[in-house]
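Structure record follows, encoded as structure tokens.
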Amino acid sequence: MEETGGATAYGASLAGGGFDVNKFVRQPQTIVRFLSWIFALVVFASITTEGYINSPHDPNAKCIFNQNDSACHYAIGIGVIAFLACVGFLVLDVYVPYMSNAQERKYAVMADLGFSGAWTFLWFVCFCLLASQWGKTHEIGGVPVDAARATVAFSFFSIATWGILTYFALGRFRRGVNEVTIPTYTEPTPDLHTPYPPTYAPTSYTPTTYNPTTYTPTTYTDIGYQPPNY
């Protein structure tokens with residue numbers, strides 16, 4: 001019997017097959033992951049380069065989002081981890097088709113699903129935090145407004161891209177579970193009405209008729225006893 005959930009489980013259609021760069025780049029999952037990588041880069045780069053300014057009365061640099069350093073630190077942390085994760089999952093997407101073990105592909109898809117779902121939520125929190133703190137920022141003199149607005153906007157865009165990645169990973173996981181659960185080989189049902197093959201056809205049996213022979217007893221004539229002559 002063939003191994004269930006073989007080469008097609010969890011999105012790996014040709015385990016061990018050749019790598020097609022053009023096909024990989026044109027995949028929706030690859031495109032969305034690349035966009036997530038760009039959005040994360042914009043978020044943490046905008047804050048690290050223009051997210052801190054000095055006030056006239058304080059020599060220490062403060063976060064442009066209502067001088068709340070926690071908001072900047074949170075956005076930088078989420079952005080850097082998302083940036084690195086996108087690179088790691090892109091590499092993982094390349095190697096998943098080469099995994100011949102369905103269990104290994106399952107763990108890869110589950111890691112993608114769990115991380116994408118978690119970062120969808122964390123980006124939502126980041127967007128709410130930055131938007132709230134930016135709305136409370138009243139003194140915008142000398143504040144790089146474009147950088148602040150770009151950070152908020154791309155935080156919102158990241159929610160969408162990571163949500164789409166979560167949807168893609170969930171679809172791959174469900175397809176993999178169905179392909180592993182449904183067996184790829186079934187025993188054929190024997191057909192009782194199929195005649196024997198010619199090689200194994202039983203030889204015909206013709207019973208022979210039995211004709212009993214008649215028995216006629218022989219007659220015995222008693223000639224009597226004659227004494228010998230002396």
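Model, not experiment: these values are computed from the prediction.
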Subject >> Ion pair R33/D112, N-O distance below 4.0 Å >> reply: yes

Out of curiosity, [X] [atom1] to [Y] [atom2], how far, rounded to the nearest 0.5 Å?
X: D20; Y: R26; atom1: CG; atom2: CZ; answer: 7.0 Å
X: I164; Y: I31; atom1: CD1; atom2: CD1; answer: 11.0 Å
X: I159; Y: W119; atom1: CD1; atom2: CH2; answer: 14.0 Å
X: F127; Y: S132; atom1: CZ; atom2: OG; answer: 10.5 Å
X: C86; Y: L41; atom1: SG; atom2: CG; answer: 10.5 Å
X: L122; Y: S155; atom1: CG; atom2: OG; answer: 12.0 Å

Subject >> Check: F156 ring centre within less than 6.0 Å of F124 ring centre >> reply: no

**OP:** Check whether the ring centres of W123 and F39 lie less than 6.0 Å apart, and answer yes or no.
**Re:** no

Specify the closest pair of heavy atoms between [X] and [Y], including all atoms of both residues, with the distance to one decimal.
X: G79; Y: A40; value: O-CB, 3.5 Å
X: E50; Y: A147; value: OE2-CB, 3.8 Å
X: L130; Y: A75; value: CD1-CB, 4.0 Å
X: T120; Y: G163; value: OG1-N, 3.2 Å
X: L92; Y: A108; value: CD2-CB, 3.9 Å

Original post:
For the side-chain hydrogen bond (donor to acceptor under 3.5 Å, both in side chains) test, which of E104, R105, Q103 pairs with Y107?
Top reply: Q103

Original post:
Taking C-beta and beyond as the side chain, do F44 and C72 meet within less than 4.5 Å on heavy atoms?
Top reply: no

Original post:
Less than 4.5 Å apart, any side-chain heavy atom of V152 and any of Q133?
Top reply: no

**OP:** Have a look at C63 and tell me which of I53, D69, I47 forms a side-chain contact (heavy atoms from CB on, under 4.5 Å) with it.
**Re:** D69

[X]: what forms a side-chain contact (heavy atoms from CB on, under 4.5 Å) with it, not counting sequence neighbours?
X: F24; result: F19, Q27, T30, L90, D93, V94
X: A150; result: F154
X: V125; result: Y74, F121

Original post:
Which one of F34, Y95, F83, F115 satisfies the ring-ring contact (aromatic ring centres under 6.0 Å, His included) criterion with F89?
Top reply: F115

Subject >> By ring pair (Phe, Tyr, Trp, His ring centres under 6.0 Å) - contacts of Y52 (at least two apart) >> reply: none

Subject >> ring pair (Phe, Tyr, Trp, His ring centres under 6.0 Å) partners for Y167, two or more places apart >> reply: none

Subject >> Residue pair H73, N68: steps toward the side chain to side chain contact (heavy atoms under 4.5 Å, CB included) verdict >> reply: CA-CA 9 Å; H73 293 162; N68 188 348; over 6 Å; no

Original post:
Who passes side-chain hydrogen bond (donor to acceptor under 3.5 Å, both in side chains) against S46, sequence neighbours left out?
Top reply: none

**OP:** Applying side chain to side chain donor-acceptor pair (under 3.5 Å), run through S36 and T161 and close with a yes or a no.
**Re:** CA-CA 6 Å; S36 300; T161 55; 3.0 Å; yes

Subject >> Expected output: side-chain T137 to main-chain N66 donor-acceptor under 3.5 Å >> reply: yes

Original post:
Hey, does the side chain of S116 reach the backbone of L113 with a donor-acceptor pair shorter than 3.5 angstrom?
Top reply: no

**OP:** Could you please spell out the steps behind the side chain to side chain contact (heavy atoms under 4.5 Å, CB included) verdict for W134 and T151?
**Re:** CA-CA 10 Å; W134 179 245; T151 303; over 6 Å; no

